[in-house]
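To keep things clear, I will list the structure first and then write my remarks on it.
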Number of protein chains: 2
Amino acid sequence: MTVTRPRRTDPLTLEVVELIGAVVARYYQEYEEAAARHGLTGAQARVLSLLALEPLPMRQIAQRLKCEPSNITGIVDRLEARQLVERQPSPGDRRVKVAAPTEEGARVARSLRDSLDFAREPLAGLSRDERLALRDMLKTMVGAE
Amino acid sequence: MTVTRPRRTDPLTLEVVELIGAVVARYYQEYEEAAARHGLTGAQARVLSLLALEPLPMRQIAQRLKCEPSNITGIVDRLEARQLVERQPSPGDRRVKVAAPTEEGARVARSLRDSLDFAREPLAGLSRDERLALRDMLKTMVGAE
DNA sequence: TATTGTTATACTCTATAACTATA
DNA sequence: TATAGTTATAGAGTATAACAATA
């Protein structure tokens with residue numbers, strides 16, 4: 001009797017896994033370069049882009065980026081020094097400081113977002129059905145805990 | 001007369017682009033955690049994994065990782081202090097130092113590689129044709145200059 | 001002279017722990 | 001007492017510039 005086990009060494013799967021690693025490295029690097037073109041570090045760009053979606057208390061920024069809250073102080077300090085972000089008081093709780101992008105900060109965030117063409121270009125060559133299939137595949141990858 | 005231009009704001013494409021960003025963030029973080037479980041930083045894990053494929057001179061490590069050669073000195077120092085990597089002389093050129101994994105380093109590199117199940121799992125749910133399509137798509141993304 | 005690897009320096013990111021001001 | 005944000009500290013990664021050994 002033959003027992004079917006998952007073949008972890010399926011060559012095609014391994015090739016895809018390696019390609020995913022390569023895409024991640026490429027994307028990450030392109031993101032750093034795009035940030036640098038805007039005079040930002042990667043971490044600063046990530047925080048600014050996050051706040052451009054929605055202003056957030058310091059602690060919640062840390063939760064989203066999965067790092068310690070103490071790190072956010074310095075990153076927001078540097079964004080604030082460049083007048084891209086402001087610390088605003090929270091009406092309900094005087095301990096809380098809400099970080100929000102300035103108008104200039106919002107502009108930089110938009111420009112940064114628009115400059116991330118890397119991932120967009122290859123998608124142009126796909127049919128709608130292919131993009132749908134890719135979307136579902138990626139959703140599975142993000143959703144898997 | 002209507003001119004057809006690429007629609008950069010196609011909602012499906014934007015969704016896929018955002019998903020790619022999410023996958024990259026997820027993968028990157030999982031890699032850091034896998035490295036940490038082996039007592040390594042992300043950079044150390046990347047260098048060790050690279051050397052496990054093939055020993056390389058210091059300068060070539062920097063080229064592969066797209067960083068300055070001076071950074072590699074410290075990373076290899078720390079890997080060498082833990083006896084995961086050795087600096088070996090190059091027969092032809094006495095200026096060159098070839099970094100090569102020790103036996104223990106090779107073991108750690110294999111263990112690290114095996115622990116990167118994150119990307120592999122969701123692929124199991126795909127048909128062979130889907131995986132082929134995904135492979136071609138990823139190849140396009142990596143290959144695009 | 002040019003190249004390889006290193007050192008020295010400065011900046012940023014990161015986690016940990018202790019502190020402050022509020023709650 | 002608990003929580004939000006900060007400060008202090010130490011380790012690591014990064015780029016730049018200058019250096020020693022070798023080509």
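Because the structure is a prediction, the values reported are computed rather than measured. We name chains A, B, ... by the order of the sequence lines, and we start the count at 1 in each one. Both backbone and side-chain heavy atoms feed into the values below; hydrogens, waters and symmetry mates do not.
Side-chain contacts under 4.5 Å among hydrophobic residues (ILVMFWY), followed directly or transitively, place B:Val96 together with B:Val98.
Classification of B:Arg113 and A:Glu18 as a salt-bridged pair holds, one side-chain N sitting under 4.0 Å from a carboxylate O.
Proximity of residues 32-50 of chain A to DNA chain D (heavy atom under 4.0 angstrom from any strand atom) is not detected for any residue. Of the residues in residues 57-66 of chain B, those lying under 4.0 Å from DNA chain C by heavy-atom distance are B:Pro57, B:Met58, B:Arg59.
Rounded to whole Å, the distance from CG on A:Asp77 to P on C:dT14 is 14 Å. Atom CD1 of B:Ile72 is separated from atom P of D:dG13 by 10 Å (rounded to the nearest Å). Atom pair A:Arg78:CZ and D:dT6:C1' shows a separation of 14 Å (rounding to whole Å applied). If you take CZ of A:Arg87 and P of C:dA21, they are 16 Å apart, rounded to a whole angstrom. Regarding B:Tyr28, its OH atom lies at a distance of 10 Å from the P atom of C:dT14, rounded to whole Å.
Between its two ends, the helix from C:dT1-D:dA23 to C:dA23-D:dT1 turns its axis by 10°, counting five pairs per end and rounding to 10 degrees.
Residue B:Ile75 is classed as a sugar-phosphate contact, given heavy-atom separations below 4.0 Å to backbone atoms only.
One distance of note links CD of B:Gln63 with CZ of B:Arg59; it measures 7.5 Å at 0.5 Å rounding. Between B:Leu138 atom CG and B:Arg135 atom CZ the span is 10.0 Å, to the nearest 0.5 Å.
Among all heavy-atom pairs drawn from B:Pro101 and B:Gly105, the shortest one is CB-C, 4.3 Å.
For A:Lys97, taking side-chain heavy atoms from C-beta onward, the closest of the listed nucleotides C:dA15, D:dG5, D:dT14 is D:dG5.
Applying the side-chain contact (heavy atoms from CB on, under 4.5 Å) criterion to B:Glu104, with sequence neighbours excluded, gives B:Leu84, B:Thr102, B:Arg107, B:Val108. Among residues two or more places apart in sequence or in another chain, the side-chain hydrogen bond (donor to acceptor under 3.5 Å, both in side chains) test is passed with B:Asp93 by B:Arg95.
A salt bridge (charged side-chain N to carboxylate O under 4.0 Å, His left out) check over residues 123-133 of chain A, counting only residues at least two apart or in different chains, returns the pairs A:Arg131-B:Asp10.
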Validation: residues 67-80 of chain A side-chain donor-acceptor distances under 3.5 Å, sequence neighbours left out:
from: A:Asn71; atom 1: ND2; to: A:Glu68; atom 2: O; distance (Å): 3.4
from: A:Asp77; atom 1: OD1; to: A:Arg87; atom 2: NH1; distance (Å): 3.0
from: A:Asp77; atom 1: OD1; to: A:Arg87; atom 2: NH2; distance (Å): 2.9
from: A:Glu80; atom 1: OE1; to: A:Arg87; atom 2: NH1; distance (Å): 2.6
from: A:Glu80; atom 1: OE2; to: A:Arg87; atom 2: N; distance (Å): 2.9

Give every donor-acceptor pair under 3.5 Å between a side-chain atom in residues 31-57 of chain A and any protein atom, sequence neighbours left out.
from: A:Glu33; atom 1: OE2; to: A:Gln29; atom 2: NE2; distance (Å): 3.2
from: A:His38; atom 1: ND1; to: A:Ala34; atom 2: O; distance (Å): 2.9
from: A:His38; atom 1: NE2; to: A:Ser111; atom 2: OG; distance (Å): 2.7
from: A:Thr41; atom 1: OG1; to: A:Gln44; atom 2: N; distance (Å): 3.1
from: A:Gln44; atom 1: OE1; to: A:Thr41; atom 2: N; distance (Å): 3.3
from: A:Ser49; atom 1: OG; to: A:Ala45; atom 2: O; distance (Å): 2.8

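Using a 4.5 Å cut-off between side-chain heavy atoms of Ile, Leu, Val, Met, Phe, Trp and Tyr, with links allowed through other members, B:Leu65 and A:Tyr27 fall into different hydrophobic clusters. With hydrophobic clusters built from ILVMFWY side chains whose heavy atoms lie under 4.5 angstrom apart, B:Val85 does not share a cluster with B:Leu112.
At least one side-chain heavy atom of A:Lys139 sits less than 4.5 Å from a side-chain heavy atom of B:Leu19.
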Restricting both atoms to N or O, compile the protein contacts to nucleotides 16-22 of chain D shorter than 3.5 Å, with distance only.
from: D:dT16; atom 1: O4; to: B:Ser70; atom 2: OG; distance (Å): 2.7

